[in-house]
Amino acid sequence: MNPAEEILDIVDEHDRVVGQAPRGEVYARGLRHRCVFVQARDAAGRLFVHRRTATKLVFPSLYDMFVGGVVGAGESYDDAALREAEEELGVHGLARPSRLFTFLYDNGAGQSWWSAVYEVRCELPVQPQAEEVQWYAYLPEEEVERRLGEWEWVPDGLAAYERLRAFRAAR
């Protein structure tokens, strides 16, 4: 199926489902939907970081410190997190990601989605999808921090990363 044809739930400001539409229409009309962000770490605790392919519908060719994506119509956040992590990392049998928190991402310019943030340890050999991932590496957190001002990052992932840092600092 063409990704633009995937059916998504449309949600309101309280994350309640109010309708459904194809992904292409959701993006074109700026309809609020649901997404998952999964921070994957290897056995050494390094973060999986990747650069998106130029063919992605949203934020092509930008760097991301999360794997994830949209939640399909009728799909739970938890199921989407596992599905997206396995798809993007190219693994099977990944442990179910742990949900940390949810927030409403809104850039004020027509892009708004409820965002569930997860973490998972991936000790399996990864084979990221060539259609999704142009480049990848496991990087120490310090290097990711250094790269924040150098690389062009997906804005929603950057917002999730900032919230995740604050979330961990408050623990």
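- Between Glu141 and Arg41, at least one side-chain nitrogen of the basic residue sits less than 4.0 Å from a carboxylate oxygen of the acidic one, meeting the salt-bridge criterion.
- Rounding to the nearest 0.5 Å places CD of Glu119 at 7.0 Å from CD of Gln39.
- Other residues, nucleotides and ligands contribute only 12 or fewer heavy atoms inside 6.0 Å of the CZ atom of Arg29.
- Contact of the Pro128 side chain with the Glu88 side chain is not registered, since no non-hydrogen atoms from C-beta on lie closer than 4.5 Å.
- Here the straight-line distance linking atom CD of Glu145 with atom CE of Met65 works out to 8.0 Å at 0.5 Å rounding.
- Between Gln111 and Asp106 the shortest side-chain heavy-atom distance does not fall below 4.5 Å.
- Contact of the Glu84 side chain with the Phe66 side chain is not registered, since no non-hydrogen atoms from C-beta on lie closer than 4.5 Å.
- Contact record, Asp64 with Arg52: OD2-NH1, 4.4 Å, taken as the closest heavy-atom pair.
- Formation of a donor-acceptor pair under 3.5 Å by the Arg34 side chain with backbone atoms of Asp15 is found in this model.
- Here His33 pairs with Tyr27, Trp113 under the ring pair (Phe, Tyr, Trp, His ring centres under 6.0 Å) rule; sequence neighbours left out.
- The shortest heavy-atom contact between Pro140 and Arg46 is N-CG, 4.0 Å.
- Connectivity analysis of hydrophobic side chains (ILVMFWY, heavy atoms under 4.5 Å, direct or indirect) links Val11 to Val17, Val36, Val38, Phe48, Val67, Val71, Tyr77, Leu82, Leu89, Val91, Leu94, Leu104, Trp114, Tyr118, Val120, Leu124, Val126, Val133, Tyr136, Tyr138.
- Closest approach of Ala4 to Pro22, counting heavy atoms only: O-CB, 3.6 Å.
- For Ala137, the side-chain contact (heavy atoms from CB on, under 4.5 Å) partners two or more places apart in sequence, or in a different chain, are Trp135, Leu139.
- Of the possible donor and acceptor atoms, none in the side chain of Trp151 sits under 3.5 Å from a partner among the backbone N and O of Val144.
- Between Asp78 and Arg96 no salt bridge is recorded (no basic side-chain N to carboxylate O distance below 4.0 Å).
- Between the CD atom of Glu131 and the OG1 atom of Thr53 there is a distance of 8.0 Å, given to the nearest 0.5 Å.
- Environment of CD in Glu152: sparse, with no more than 12 heavy atoms of neighbouring residues, nucleotides or ligands closer than 6.0 Å.
- Side-chain contact check for Glu150 and Tyr63: no donor-acceptor pair (N or O, by modelled atom type) lies under 3.5 Å.
- Between the side chain of Gln20 and the backbone N or O of Ile10 there is no donor-acceptor pair closer than 3.5 Å.
- With hydrophobic clusters built from ILVMFWY side chains whose heavy atoms lie under 4.5 angstrom apart, Phe37 shares a cluster with Leu148.
- Look at Glu142 and Arg146 and you find no salt bridge, because none of the NZ, NE, NH1 or NH2 atoms lies under 4.0 Å from a carboxylate O.
- Here the OG-OH distance, from Ser115 to Tyr105, works out to 8.5 Å after rounding to the nearest 0.5 Å.
- Annotation for Ala54 and Pro60: closest pair O-CB, 3.4 Å, computed over non-hydrogen atoms.
- Between Pro155 and Trp153, every side-chain heavy-atom pair lies at or beyond the 4.5 Å cut-off.
- In this structure, Cys122 SG and Glu86 CD are separated by 9.0 Å, a value rounded to the nearest 0.5 Å.
- Residues forming a side-chain contact (heavy atoms from CB on, under 4.5 Å) with Asp12 (at least two apart in sequence, or on another chain): His14, Arg16, Val18.
- Note on Arg32 versus Asp9: no salt bridge recorded, every NZ/NE/NH1/NH2 to OD/OE distance being 4.0 Å or above.
- Remark: Arg99 engages no residue in a salt bridge (charged side-chain N to carboxylate O under 4.0 Å, His left out) (not counting sequence neighbours).
- Note that CD1 of Ile7 is 13.5 Å distant from CD of Glu75, once rounded to the nearest 0.5 Å.
- Minimum heavy-atom separation, Asp156 to Phe59: OD1-CE1, 3.3 Å.
- Applying the ring pair (Phe, Tyr, Trp, His ring centres under 6.0 Å) test to Phe101 and every residue at least two apart in sequence or in another chain returns Phe167.
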Checklist entry - Given the rule in the side chain to side chain contact (heavy atoms under 4.5 Å, CB included) test, do Val49 and Arg147 qualify, once you have shown the distances and angles that lead to the verdict? => result CA-CA 11 Å; Val49 175; Arg147 301 289 184 178; over 6 Å; no
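- Salt bridge present: Arg83 and Glu87 bring a charged side-chain N and a carboxylate O closer than 4.0 Å.
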